[in-house]
Amino acid sequence: MWILGLESSCDDCSAAVVEETPAGPVLHALVRKSQDDLHGPYGGVVPELAAREHLLQLRAVIGEALHRADRSWDDLDRIAVTQGPGLVGCLLTTFSAAKAIAWKEGLPLVPVHHLLGHLNAARFAAPALPFPALALLVSGGHTHLYRADSWTHLELLQKTRDDAAGEAFDKAARMLNLGYPGGPVVDACGRKATGSAPPFTAPKFRDGKASWSFSGLKTAVKTRIAAEPELAQAGTEDSRVQALCRTLQETVARWLLKPVPEYVRPLGIRSVIVSGGVACNSELRQQAQALAQRLGLELAIPEPRFCTDNGAMIAAAGALLPPAEQLLPLNADADLRLTV
Ligand code: KG4
Ligand code: ZN
């Protein structure tokens, strides 16, 4: 089965051509147009600008993906597209385009939940992963831990009470004037560190409910910069900035993985999936590897190009999703608050 996957729920415009085989999904083309330069000066994604840019980019991105895969519309079996959640203008742009193409080309259209996409990114490297799995899906908009019974069924275990982990990286980088998006630059800067900054205090929850909170971490970084204002202008070559970035990502990775062991035995967990943009983080990848080894669990972390938003993960999920009779009617629409 050949699938065109489209993803533009935020600031990346991406299309991929994927072949679903008995051995798992095979990528034939992945095109991703980043809008980092457009949003960089604002220090974060400007939704209206992102949607307009998708409108300009989408046609060329799809054309390029088909060209690189050496496929025409006739070779495809379905189109998979992100239905939500995400920024509404961005979702609507690509969802509407996908509906129009599906109608014109007579192709089934498969709506995909964005987080099922992030989950299925792990299928490229680990198609035979044993379930149930713990799925830690961490991005600029989500920090969710699920029990996954299969590649298409998620049950929420816990999530952040406030900011996503990616947001903490993006805001910290912004306060340190390191550029946008913050995650990659904090990661690279932290790797240069020879020392560490003082540790951050973990939040405590009075209600005892399992969850995370990352807003306090942002405030903690702000407080440190207020105490040493020159940090904000020092840049990535400064050893104090490097130490701060290192401690920041060590903290985020440790907090993210902390709940994993306690779910393993009660839920009969056999593997761990870590995906979403923050799963590109080198420290999180290392800590996850060490933890999985210690717990004797199989670990699936997609390669970085599949971790951040991309059309391939949507195609991989769309290949498994609905049986033909449940395919999308053309009056369906994007849904910015779609739940799994
Ligand atoms: O999944 P994604 O591409 O988009 C959303 O669905 O939000 O994730 C983007 C997030 C951003 O917050 C970005 O800073 C973060 O992923 N990110 C990273 C790294 N690469 C991207 N965070 C930490 N370390 C990285 N290497
Ligand atoms: Zn995402």
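In listed order, ligands and their atoms are each counted from 1. The model shown is predicted, which means the values in this text are computed figures rather than measured ones.
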Discussion item. Taking the six-membered ring of Y42 as reference, does the cationic atom of R174 (NZ for Lys, CZ for Arg) lie under 6.0 Å from its centre and within 45° of its axis?
Written reply: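 Judged by the rule (NZ or CZ under 6.0 Å from the ring centre, within 45° of its axis), R174 is not positioned above Y42.
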
List every atom of ligand 1 that sits less than 4.0 Å from any heavy atom of [X], numbering the atoms from 1 in the order shown and giving each element.
{"X": "G166", "answer": "12 (O)"}
{"X": "H118", "answer": "1 (O), 6 (O)"}
{"X": "G141", "answer": "7 (O)"}
{"X": "F169", "answer": "22 (N), 23 (C)"}
{"X": "H114", "answer": "6 (O)"}

Discussion item. Tell me if the aromatic rings of F200 and W255 count as close, with their centers under 6.0 Å from one another.
Written reply: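 That pair fails the under 6.0 Å test.
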
Item to complete: Consider every N or O of D12 and every N or O of ligand 1, then say whether any pair is closer than 3.5 Å.
Response: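 So ligand 1 has no N or O lying under 3.5 Å from an N or O of D12.
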
Worksheet item: Under 3.5 Å between some N or O of ligand 1 and some N or O of E167?
Response: no

Practice prompt. Check whether any side-chain heavy atom of S282 sits under 4.5 Å from a side-chain heavy atom of R191, and report yes or no.
Written response: yes

Item to complete: Could you pull out the N/O/S protein atoms under 2.8 Å of the Zn ion (ligand 2), ignoring any water?
Response: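 Correct list: H114 NE2, H118 NE2, D309 OD1.
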
Worksheet item: Which protein non-hydrogen atom lies closest to atom 12 (O) of ligand 1, naming both residue and atom, and how far is it?
Response: D170 OD2, 2.7 Å

Practice prompt. Following the transitive rule for hydrophobic clusters with a side-chain heavy-atom cut-off under 4.5 Å over Ile, Leu, Val, Met, Phe, Trp and Tyr, establish whether L267 and L256 coincide in one cluster.
Written response: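 Per the 4.5 Å side-chain linkage, L267 and L256 are co-clustered.
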
Item to complete: Could you tell me if any non-hydrogen atom of Q249 lies under 4.0 Å from any atom of ligand 1?
Response: no

Item to complete: Give a yes/no on ligand 1: does P184 have at least one heavy atom closer than 4.0 angstrom to it?
Response: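 Yes, P184 has a heavy atom closer than 4.0 Å to ligand 1.
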
Worksheet item: To which of G140, G277, C280 does the heavy atom nearest atom 17 (N) of ligand 1 belong?
Response: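 The nearest heavy atom belongs to G277.
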
